[in-house]
S.K.: 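Once you've had a glance at the structure underneath, I'll fire off some questions.
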Amino acid sequence: VRFGIRLDDFHTLHDHDWIDQGYWATGRWRTVSIEFADRPTRWTGRPFDATEVDVLVVFLATPADSVTLEIDDVRLR
């Protein structure tokens, strides 16, 4: 199943811009990461402010059937 992770920083409140990354989940445990320090945001390309992370969103991309996505040990570094 495809899932995504989205991070908003404090500036997102004003410019509605963020960073995100898509992944594929399988039946095995997997470690995923987003390098977000100084990464350009999706729409305006401004540098993402990693010191001001405001929201972390994990979402599924419309699965065809019921699925369970287990999330463990979330870290922001």
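Residues: numbered from 1 along the sequence shown.
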S.K.: To the nearest 0.5 Å, what is the distance between OG1 (Thr41) and CG (Asp8)?
M.R.: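 One finds 10.5 Å between OG1 of Thr41 and CG of Asp8.
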
S.K.: His11 versus His16: any side-chain heavy-atom pair under 4.5 Å?
M.R.: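 A side-chain contact is absent here, since even the closest heavy-atom pair is not under 4.5 Å.
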
S.K.: Which value, rounded to the nearest 0.5 Å, describes the distance between Arg30 atom CZ and Tyr23 atom OH?
M.R.: 7.5 Å

S.K.: Heavy-atom distance under 4.5 Å between the side chains of Phe36 and Gln21, does that happen here?
M.R.: no

S.K.: From Ile19 CD1 over to Asp9 CG, what is the distance, rounded to the nearest 0.5 angstrom?
M.R.: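 Those atoms lie 8.0 Å apart.
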
S.K.: Do Leu7 and Val55 have side-chain heavy atoms sitting under 4.5 Å apart?
M.R.: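 Sidechains of Val55 and Leu7: no contact.
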
S.K.: With a 4.5 Å limit on heavy-atom distance, are the side chains of Trp24 and Val1 in contact?
M.R.: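 SC-SC contact between Trp24 and Val1 ruled out.
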
S.K.: So which atom in Pro40 and which in Gly45 form the shortest heavy-atom distance, rounded to 0.1 Å?
M.R.: CB-O, 3.6 Å

S.K.: Are Val57 and Val74 connected in a single hydrophobic cluster, I mean Ile/Leu/Val/Met/Phe/Trp/Tyr linked by side-chain heavy atoms less than 4.5 Å apart?
M.R.: no

S.K.: Do NZ/NE/NH1/NH2 and the carboxylate oxygens of Arg42 and Asp17 come within less than 4.0 Å?
M.R.: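 Salt bridge flag = no for Asp17 with Arg42.
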
S.K.: Does a side-chain heavy-atom distance below 4.5 Å link Asp15 with Arg46?
M.R.: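 With C-beta onward as the side chain, the pair touches.
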
S.K.: Determine, using the 4.5 Å side-chain heavy-atom cutoff (strictly less than), whether Leu76 and Ile71 are members of one ILVMFWY cluster.
M.R.: yes

S.K.: For a 4.5 angstrom cut-off between non-hydrogen side-chain atoms, does Phe10 reach Val53?
M.R.: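 Contact flag for Phe10/Val53 side chains = no.
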
S.K.: Out of curiosity, Leu60 CG to Arg2 CZ, how far, rounded to the nearest 0.5 Å?
M.R.: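 Leu60 atom CG to Arg2 atom CZ measures 11.5 Å (nearest 0.5 Å).
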
S.K.: Got Leu69 and Phe59 here, is their nearest side-chain heavy-atom distance under 4.5 Å?
M.R.: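 No - every pair of side-chain heavy atoms lies 4.5 Å or more apart.
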
S.K.: To the nearest 0.5 Å, how far apart are CZ in Phe48 and CH2 in Trp18?
M.R.: 12.0 Å

S.K.: Can you tell if the side chain of Ile5 reaches within under 4.5 Å of the side chain of Val32, non-hydrogen atoms only?
M.R.: yes

S.K.: When you measure from the side chain of Arg39 to the backbone of Asp20, do you find a donor-acceptor pair of N or O atoms at a distance under 3.5 Å?
M.R.: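 The answer is yes, because a donor-acceptor pair under 3.5 Å joins these two groups.
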
